[in-house]
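For reference, the structure is listed below as structure tokens.
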Amino acid sequence: MRNRLALVGLMVLVMVASMVAVGIAAEYVPGSPLKAGFIYIGPIGDYGWSHAHDVARKAVLEQFPWLSTVYVESVPEGDAGPTIDKLINDEHCNVIFTTSFGYMDDTIAAAKKHPDVIFAHCSGFKRAPNVATYMADFYQVYYLNGLMAGALTKTGKVGYVGAFPIPEVKRHIGAFTRGVREVNPDAQVDVRWIMEWFNPAAAKEATEALIADGCDAFAFTEDSPTVVQVAGENGLLSFAHYSPMYRFSKDYCVSGELVHWDAIYADFLAKIYAGVYTAHNLANVDYWWLLGQGAVEMGAQPGMPINPAYVDKLKAVTVDDPVLGTVSVYDLIQDRIAEMSDPSMVFDPYDGPVKDRKGNVQVKAGSRMSVLQLTTMEWAVEGIIGPWPGEP
Amino acid sequence: MGWETWIIATLSRTLAYGTPLLIATLGEIFAERAGVLNLGVEGMMIMGAYSGFVIAYTTGHPWLGILVAGVVGAVFSIIHAFVSVTLKANQVVSGLALTMLGLGLAGVLGRGWEGLPLFTPIHKMTVPVLSSIPVLGPILFKGQNLVVYLTMLLVPVLWYVLFRTRIGISIRAVGESPATADSLGVNVTRIRYLCVIFGGFLAGVAGGYLSVAYRPSWTQGMTGGMGWIVIALTIFAFWNPIYGLLGSYLFAALYHLSFRLQAWVSPELLKAMPYLFAILVLIFVAQGTLKKKMGAPAALSVPYTRGEE
Amino acid sequence: MTAPNWLKIERRPVASGRTVFIISVLAILAALLVAAIFFAAYGISPIYAYYLILRGALGNMHGFSETIRRMIPLLLCGVGLTVAFRALFWNIGAEGQILMGAIAASGVALFSGLPGPLLLIAMFIAGFLAGAAWGLIPAALKAKLGLNDVITTLMLNYVAMYVVLWLVHGPWKGASMRGYAYTDMFPNAAQLPMIGSTSIHWPTLMLGFIAAVVMYILVNRTRSGFEIRVVGENPEASRFAGISQFKTTMLVMFISGGLAGFAGVGEVAGIYHRLLDPSQISMGYGFTAIIVAWLARKNPLAVIVTSFFFGILMAGGDVIKIQLRLPFQLINVFNGLIMFFLIGSELLIRYKISIRRR
């Protein structure tokens with residue numbers, strides 16, 4: 001009996017001791033080996049959002065010999081807090097990347113609890129001394145894709161399969177539409193929502209519905225190559241989203257958007273390693289990285305901005321630009337890439353005047369949208385047809 | 001846009017999306033007719049989708065892929081048959097376990113197969129001459145694949161087997177009153193095993209259809225809950241292959257329309273429509289006299305042991 | 001079934017609680033033995049893996065908190081399901097009932113303006129009623145029209161899901177969420193208290209324990225409970241005894257839906273503090289609870305044990321993902337295996353199998 005009591009007492013002691021032990025996390029010393037933890041909302045095999053983050057994780061892991069990483073996939077929003085705790089207590093991570101908007105509040109709360117750990121939250125807007133935010137955004141690339149779609153559509157109707165009607169997707173559809181209409185002022189962009197980030201069957205039927213409504217070129221936001229495949233099967237054009245999808249429809253996939261989260265991860269981690277970023281000076285660190293910073297790339301496959309089969313066709317279509325004069329769409333795209341890659345941002349897809357589809361002027365002539373306006377954008381750009389939940 | 005194009009597009013999508021639902025529903029109808037409820041359809045389908053894709057991708061033969069998908073579904077369903085028929089365990093739980101196991105296994109095995117296009121899918125075909133018939137031609141004979149037609153052919157065949165043959169009588173007897181069937185010399189265990197395995201085969205084929213024909217590539221979780229719709233459709237069909245066809249096609253038509261009608265109705269609510277509609281149709285049917293003729297197999301989900309009951 | 005004649009199979013009169021427990025434990029051990037193959041295949045010592053999983057789920061306050069957090073909704077839904085299953089009502093719709101509870105609680109939290117402690121009480125009442133109402137629909141359809149309960153409850157899950165989606169993308173979208181699909185955060189008074197620094201929202205846990213006890217008494221010691229059992233075990237007899245099948249069905253689904261509604265309240269008021277994407281609110285609790293209820297052999301008190309067990313499995317899944325770096329889908333494989341072994345062992349509980357002496 002006494003032995004048993006002693007045993008229980010010992011176990012309690014060990015438990016308490018281990019709890020105390022894990023509560024202490026030392027602050028990262030610049031120049032020492034660094035361990036980064038990544039938390040993903042989906043499975044790494046989704047071939048979309050989480051897949052792209054994991055590709056980037058592997059890329060930086062290869063780049064930096066002093067870096068080690070650990071990742072956790074398919075973490076529901078409610079599990080973010082405990083998962084962060086585990087990564088810090090059990091895995092001793094110095095840096096935590098939380099890669100979904102829904103993790104925002106838990107990231108901020110965890111940052112308070114672990115003031116010595118460095119956090120970076122993707123796509124959110126709350127920061128702290130030890131929490132930075134980051135986002136690689138596509139709206140410029142969508143605009144470039146739109147230029148091509150506008151030049152290549154024959155029916156004057158371009159389809160867009162959207163995941164959820166949130167500002168990020170609305171901003172992309174808007175920029176895409178700006179591109180389409182710049183080349184083809186009468187063209188329309190028809191939208192269908194599938195209300196899921198990933199659902200191949202829904203994406204397929206949404207695409208088919210758009211085809212039935214007369215669309216002949218497609219862009220989309222969904223974590224699978226379905227739209228590219230369905231468009232290709234029907235001999236219609238498509239623009240890839242997020243991951244390399246050229247091989248899913250070599251004859252009809254014109255271009256697309258590719259993300260390079262590794263550009264952001266490499267910059268952020270290198271600065272921590274060098275002691276530039278610490279757990280005390282991140283309150284104003286917000287990566288809003290675009291073409292200029294190399295966080296995004298135009299194309300359906302790395303290194304191939306435009307499917308070679310369509311280069312001549314794009315050279316054959318011309319537009320009258322008030323600044324550039326009469327140029328081919330191909331040259332216009334090159335100019336725009338150069339302008340948008342320029343750090344001084346000579347051009348922005350949302351340069352005023354921009355009207356919403358109800359006829360109100362949303363961006364005045366000569367002005368431009370702020371990052372805040374872009375990230376909270378709810379209105380639909382002129383030229384978009386179809387449902388628009390939450391339209392002001 | 002004229003009404004003709006609406007009808008053509010809707011019905012043609014109905015066939016394409018309804019086919020995998022129909023295939024799996026036909027299988028589940030047989031399992032349930034023999035008295036075995038199998039909630040593991042989602043698990044068997046995803047295993048079929050995975051194995052079908054892998055075989056079609058590595059060999060270049062999509063039909064072999066579909067066949068293997070069916071075999072894998074069948075083998076997988078034996079677990080359920082063993083647990084629920086031989087061990088007489090609860091079928092609801094066993095089916096749920098099968099779904100979990102299938103989603104898990106396919107997810108684990110499928111790592112690294114994502115993002116690969118299948119260059120040799122089952123292609124769509126256009127039947128010459130017939131496809132130029134107005135309205136019907138484009139619906140039936142343009143842009144569909146062979147699986148769609150084979151599935152349609154399967155419906156009357158299975159109906160005939162179930163209602164007009166000896167084996168069909170045995171199956172239904174086993175599902176209605178296994179003790180009576182047993183006393184008449186029907187091997188209850190064997191019939192139940194065969195029906196569950198046949199159901200697993202068709203669920204696997206349905207999964208294979210998804211990854212080899214409908215959307216030729218593999219992503220984990222690509223069945224996206226279709227297995228659960230199949231469970232509902234089986235009940236909706238009153239365990240009759242003919243109604244199974246109607247139910248699957250009706251659901252598919254509504255699913256298509258839930259994207260087509262978005263210009264007028266809120267997309268979130270529209271997406272709930274097929275599910276609500278299923279309930280409404282059942283309510284409507286229940287008002288009529290059909291109800292009495294079409295109950296569930298009396299011994300559905302009841303294990304059978306000789307000498308008990 | 002034809003058994004080889006050297007085996008002797010006879011029906012046990014009634015298996016004692018001890019027998020059930022021992023056989024269940026043995027079944028779990030057997031499942032772990034088979035699952036060990038997977039760990040070995042990934043080059044991880046199974047013993048080390050199980051040690052980590054157990055330590056991760058129970059070995060410290062953190063893991064324990066995660067286990068209990070998962071247990072809470074399973075307990076509430078599971079207790080409700082035992083009552084429904086007793087009356088042979090196959091409620092596959094706890095998932096939707098959870099969501100309706102979450103919706104009602106969110107509505108009260110955000111728009112009622114009730115003060116202080118009244119707010120949480122009102123949220124629980126509203127959540128219960130909403131879950132119950134969602135459960136009463138299939139109950140009425142079955143009792144009045146003979147509609148199959150599996151299909152109606154299953155379909156209503158989807159409907160509930162899209163109602164939540166519609167709310168968070170439409171009328172209830174929060175002004176402070178920058179367009180993302182969430183409602184605003186609940187006021188502090190609408191957030192459940194936790195035990196210490198854990199994420200155990202104890203009022204919901206208490207409700208779960210109370211529900212288990214009350215339902216045990218209801219089922220075993222009251223007239224209504226007797227009627228529920230008769231309807232479930234012998235529908236013919238219930239008709240002769242003048243028991244209203246309609247009333248009984250409505251009663252069990254009022255309870256089952258309501259308790260699932262409680263679980264929904266707990267998730268939004270305890271964990272998320274807002275309404276959000278339906279797939280994030282309930283991580284399949286409604287489906288897992290079916291297994292929990294069945295493993296408890298439809299005994300509400302035993303659900304406390306089985307829901308705790310599944311809490312461990314779910315919390316242990318974190319270890320598989322984080323420490324062992326294995327694909328998260330392995331969790332499903334393990335759970336599936338454990339379930340198969342557990343239900344497979346049912347035969348041993350109902351029948352006594354021995355080797356015949358020649």
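Letters go in sequence order (proteins before strands), and every chain restarts at 1.
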Inset, instruction - Could you grab the distance from atom CG of C/Leu165 to atom CH2 of A/Trp193, nearest 0.5 Å is fine? - result: 13.0 Å

Inset, instruction - Answer with side chain, backbone, both or neither: which region of C/Tyr272 has an atom nearer than 4.5 Å to a non-hydrogen atom of chain A? - result: side chain

Inset, instruction - Applying ring pair (Phe, Tyr, Trp, His ring centres under 6.0 Å), name anything that partners A/Phe220, two or more places apart in sequence or on another chain. - result: A/His241

Inset, instruction - Measure A/Asp105 against the heavy atoms of chain C and call it side chain, backbone, both or neither at under 4.5 Å. - result: side chain

Legend entry - A/Phe125 atom CZ, neighbour heavy-atom count above 12 within 6.0 Å: yes

Inset, instruction - Evaluate whether atom CZ of C/Phe38 has more than 12 neighbouring non-hydrogen atoms of other residues, nucleotides or ligands under 6.0 angstrom away. - result: no

Inset, instruction - Assess whether atom OH of C/Tyr51 is packed by more than 12 heavy atoms of other residues, nucleotides or ligands within 6.0 Å. - result: no

Inset, instruction - Could you grab the distance from atom NE2 of C/His62 to atom CG of A/Asn89, nearest 0.5 Å is fine? - result: 6.5 Å

Legend entry - Contact class of A/Ile41 relative to chain C, heavy atoms under 4.5 angstrom: side chain

Inset, instruction - Could you tell me the separation between the CG atom of A/Asp90 and the CG atom of C/Leu52, rounded to the nearest 0.5 Å? - result: 9.0 Å

Inset, instruction - Indicate yes or no for a side-chain donor-acceptor contact from A/Glu77 to the backbone of C/Gln280 under 3.5 Å, with no hydrogens or angles considered. - result: no

Legend entry - CE on A/Met195 to CE on C/Met161, rounded to 0.5 Å: 9.5 Å

Inset, instruction - Against chain A, label C/Ile281 side chain, backbone, both or neither, depending on which of its atoms sit under 4.5 Å from a heavy atom there. - result: neither

Legend entry - Neighbours of chain A found in residues 166-184 of chain C - heavy atoms under 4.5 Å: C/His169, C/Lys173, C/Ser176, C/Met177, C/Arg178, C/Gly179, C/Tyr180, C/Ala181, C/Tyr182

Inset, instruction - Can you check whether anything in residues 371-381 of chain A gets within less than 4.5 Å of chain C, heavy-atom wise, and list it by number? - result: A/Leu372, A/Thr375, A/Thr376, A/Glu378

Inset, instruction - Against chain C, work out which of A/Val72, A/Asp79, A/Val75 has the most heavy-atom pairs shorter than 4.5 Å and name it. - result: A/Asp79

Legend entry - Per-residue contact mode, C/Ile322 against chain A (heavy atom under 4.5 angstrom): both

Inset, instruction - Find out whether A/Thr83 and C/Lys321 are in side-chain contact, i.e. whether some heavy atom of one side chain is under 4.5 Å from a heavy atom of the other. - result: no

Legend entry - Between A/Gly81, A/Gly390, A/Ser74, A/Gly37, the one whose heavy-atom pairs under 4.5 Å with chain C are most numerous: A/Ser74

Legend entry - Heavy-atom contacts under 4.5 Å, residues 65-73 of chain C to chain A: C/Glu66, C/Arg69, C/Arg70

